[in-house]
Amino acid sequence: MEKIKMTTPLVEMDGDEMTRILWQMIKDELLLPFIDLKTEYYDLGLEHRNETNDQVTADSAEATKKYGVAVKCATITPNAARMTEYNLKEMWKSPNGTIRAILDGTVFRAPIKVKGIDPCVKNWEKPITIARHAYGDIYKNVEIKVPGAGKAELVYTAEDGTVTRETIHEFKTPGIIQGVHNTDASIGSFARACFNYALDTKQDLWFGAKDTISKKYDHNFKDIFQEIYDAEYKEHFEAAGIEYFYSLIDDIVARVMKAKGGFIWACKNYDGDVMSDMVSSAFGSLAMMTSVLVSPTGVYEYEAAHGTVQRHYYKHLKGEETSTNSVATIFAWTGALRKRGELDHIKELTEFADNLEKATLATIESGRMTKDLAQITTLENVTALSSENFIKEIRKTLETM
């Protein structure tokens with residue numbers, strides 16, 4: 001069979017631990033036999049990021065701007081334990097946070113629905129899409145560990161030399177300080193991305209923050225969303241028969257739990273990080289969620305919305321069999337390949353992406369799945385497969401298409 005030709009490369013961002021192992025399996029079994037795969041490769045494994053002083057992460061984001069479409073494997077965001085384990089020069093920032101800051105986009109995450117895996121929340125009949133702001137907050141923070149008594153201040157010096165100063169806290173004992181920021185331009189891009197996505201998908205848009213407590217920071221999000229909605233989108237929403245509304249984040253959470261689904265939930269950066277995990281877990285598994293970063297200039301970066309599956313990786317290193325769910329990583333590849341095919345007008349590539357997704361879901365629905373799904377499925381007589389055998393079963397299904 002002649003392989004599908006590509007004209008423009010994808011930016012390929014390799015990752016860490018068990019997902020790195022799955023990444024290569026997916027390429028070997030599901031992609032390379034069918035596609036003349038063109039990628040510009042960047043190794044975002046923690047060891048290589050350390051060797052390059054994390055320059056490779058910034059380079060991969062700039063390449064994404066150049067080529068328009070990227071696919072990313074899960075990566076480690078190091079903590080103190082990782083510093084020792086990998087002998088790191090410093091505790092490098094989240095690569096996802098770095099890439100998102102450079103691309104200034106919005107992350108849209110939605111659960112992958114499959115027969116036999118029912119949501120834990122019984123009234124959720126349709127997927128809930130999380131729209132996560134992808135800039136600022138704790139992902140671009142500055143922190144100080146306070147050694148003892150002293151005065152912490154927030155200081156802003158304008159270009160003309162004018163100084164604004166606020167006392168944060170008068171420390172009597174040791175403590176910590178964290179400074180976070182955002183920009184009106186990025187918040188505006190986030191708002192427009194959410195409004196456009198809602199119109200494209202004909203779904204209601206909900207947005208929640210904590211403006212009653214954060215009367216300037218969170219209130220600024222609320223105000224910018226409302227100003228842009230009133231000036232640019234209100235008439236379009238009314239014509240489409242969809243709704244935008246803002247409420248406090250705690251009220252939104254309560255509404256979400258009682259809702260039927262089928263809407264977009266816009267979240268600030270940290271809220272979106274946490275709530276996308278909650279939504280994906282409640283729909284079945286962290287490994288059953290799509291994730292795409294969309295920039296204001298129309299650049300796309302597809303990734304799995306979960307971690308590197310460290311526990312399974314250590315088992316793999318010992319030669320023990322693992323049963324790691326690769327669905328989200330497969331769907332990161334299919335999302336990127338489909339978008340590449342759309343942009344380059346390669347029908348065969350978009351059709352291949354569609355078929356690979358159908359083959360993945362059909363394999364699960366036939367009763368062949370990884371252990372995490374086998375434990376929660378309502379299907380009977382299922383077979384829990386190893387990481388590698390699950391991917392090989394998907395290939396068998398794909399070849400029948």
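Values reported hereafter were calculated over all heavy atoms of this structure, with side chains retained and with hydrogens, waters and symmetry mates removed.
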- Side-chain H-bond candidate by donor/acceptor type, Gln226 with Tyr246, under 3.5 Å: no
inquiry  = Regarding Arg109 and Ser291, do their side chains bring together a donor and an acceptor under 3.5 Å, going by distance alone?
reply    = yes
Hey, would you say the Tyr156 and His181 ring centroids sit under 6.0 Å apart? no
Donor on one side chain, acceptor on other, Asp104 and Ser186, under 3.5 Å = yes
Notebook entry, point to check: Does any donor atom in the side chain of Asp137 or Tyr217 lie under 3.5 Å from an acceptor atom in the other side chain?
Noted result: yes
Any side-chain donor-acceptor pair under 3.5 Å between Thr75 and Asp16?
no
**Asked** With a cut-off of 6.0 Å (strictly less than), are more than 12 heavy atoms of other residues, nucleotides or ligands near CD of Glu166?
**Response** no
Please report whether the ring centroid of Phe190 lies less than 6.0 Å from that of Phe225.
yes
Problem - Sub-4.5 Å side-chain heavy-atom contact between Arg49 and Pro78 - result: yes
Check: So, Tyr42 and Asp14: side-chain donor and acceptor under 3.5 Å apart, yes or no?
Finding: no
Do the non-hydrogen side-chain atoms of Met25 and Phe390 ever get within less than 4.5 Å of each other? no
Residues, nucleotides or ligands: over 12 heavy atoms within 6.0 Å of Lys93 NZ | yes
When every non-hydrogen atom of Ala131 is compared with those of Ile264, the smallest separation belongs to CB-CG2, 3.8 Å
Flag the pair Phe195 / Phe237 as yes when their ring centroid distance falls below 6.0 Å, and as no otherwise.
-> yes
Distance-only donor-acceptor check, side chains Thr334 and Glu357, under 3.5 Å
yes
In short, Arg20 meets Asp43 closest at the heavy-atom pair NH1-OD1, 2.9 Å
query: Quick one: are the ring centres of Tyr197 and Phe108 less than 6.0 Å apart?
result: yes
So the salt bridge (Lys or Arg N to Asp or Glu O under 4.0 Å) pairs with at least one residue in residues 373-389 (sequence neighbours excluded) are Glu388-Lys392
Worksheet item: Does a donor on one side chain sit under 3.5 Å from an acceptor on the other, for Tyr233 and Asn196?
Response: yes
- Query: Have Thr322 and Ser387 got a donor and an acceptor in their side chains that come within less than 3.5 Å?
  - Reply: yes
- Between Asp160 and Thr162, do the side chains contain an N or O donor and an N or O acceptor separated by less than 3.5 Å? yes
#### Entry: Test item: side-chain donor near acceptor, Gln55 and Asp59, under 3.5 Å
yes
| Donor + acceptor pair across side chains of Gln310, Thr308 (<3.5 Å) | no
Margin query: Would you say that more than 12 heavy atoms from the other residues, nucleotides or ligands in this model lie under 6.0 Å from the NZ of Lys140, or not?
Written below: no
Note: Thr106 and Ala193 closest approach over all heavy atoms is OG1-CB, 3.6 Å
- Please examine the side chains of Phe245 and Ile252, heavy atoms only from C-beta on, and report whether any two atoms are closer than 4.5 Å. yes
- [ ] Would you mind reporting whether Leu30 and Ile394 have side-chain heavy atoms less than 4.5 Å apart?
- [x] yes
field: Pair Lys72-Asn96, side-chain donor/acceptor within less than 3.5 Å
entry: yes
Quick note, salt bridge (Lys or Arg N to Asp or Glu O under 4.0 Å) partners involving residues 231-240, not counting sequence neighbours, are Arg192-Glu232
Glu320/Arg311 ion pair, N-O < 4.0 Å
no
In this structure, CE of Met18 is separated from OG of Ser326 (nearest 0.5 Å) by 9.0 Å
query = So, do Asp184 and Ile224 sit near enough that their side-chain heavy atoms are less than 4.5 Å apart?
reply = yes
Are more than 12 heavy atoms from other residues, nucleotides or ligands located less than 6.0 Å from atom CD of Glu85? yes
Exercise. Have Asn220 and Lys215 got a donor and an acceptor in their side chains that come within less than 3.5 Å?
Worked result: no
*asked:* Between Thr57 and Asp54, does the side-chain hydrogen bond (donor to acceptor under 3.5 Å, both in side chains) criterion hold? Intermediate values first, please.
replied: CA-CA 6 Å; Thr57 306; Asp54 211 26; 2.7 Å; yes
| said: Taking the six-membered ring of Phe171 as reference, does the cationic atom of Lys151 (NZ for Lys, CZ for Arg) lie under 6.0 Å from its centre and within 45° of its axis? | reply: no
Side chain to side chain contact (heavy atoms under 4.5 Å, CB included) with Met369: of Leu385, Asn325, Val114, Ile364, only one passes, and it is Ile364
* Asked: Side-chain donor-acceptor pair under 3.5 Å between Thr363 and Thr397, yes or no?
  -> yes
Check your understanding: Is Arg100 salt-bridged to Glu303, cutoff N-O under 4.0 Å?
Key -> yes
Are Ile177 and Val142 side-chain neighbours, meaning at least one heavy-atom pair lies under 4.5 Å? no
Where do Lys89 and Asn53 land on the side-chain contact (heavy atoms from CB on, under 4.5 Å) test, with the steps shown first? CA-CA 8 Å; Lys89 299 173 187 175; Asn53 297 322; 3.0 Å; yes
Taking atom CD as the centre, does Glu2 end up with more than 12 heavy-atom neighbours from other residues, nucleotides or ligands that are less than 6.0 angstrom away?
no
Between Phe283 and Ile117 the two heavy atoms that sit nearest each other are O-CG2, 3.7 Å
message = Any carboxylate oxygen within less than 4.0 angstrom of a Lys/Arg side-chain nitrogen, looking at Asp218 and Lys210?
response = no
Inset, instruction - Verify the ring-centre separation between Phe207 and Tyr244: is it less than 6.0 angstrom? - result: no
Got Trp333 and Glu12 here, is their nearest side-chain heavy-atom distance under 4.5 Å? yes
So, do Ser386 and Glu321 sit near enough that their side-chain heavy atoms are less than 4.5 Å apart? yes
Practice prompt. Decide side-chain contact (heavy atoms from CB on, under 4.5 Å) for Asn355 and Leu398; before the verdict, give the C-alpha distance in whole Å, the side-chain angles of both, and the deciding distance to 0.1 Å.
Written response: CA-CA 7 Å; Asn355 284 333; Leu398 179 63; 4.1 Å; yes
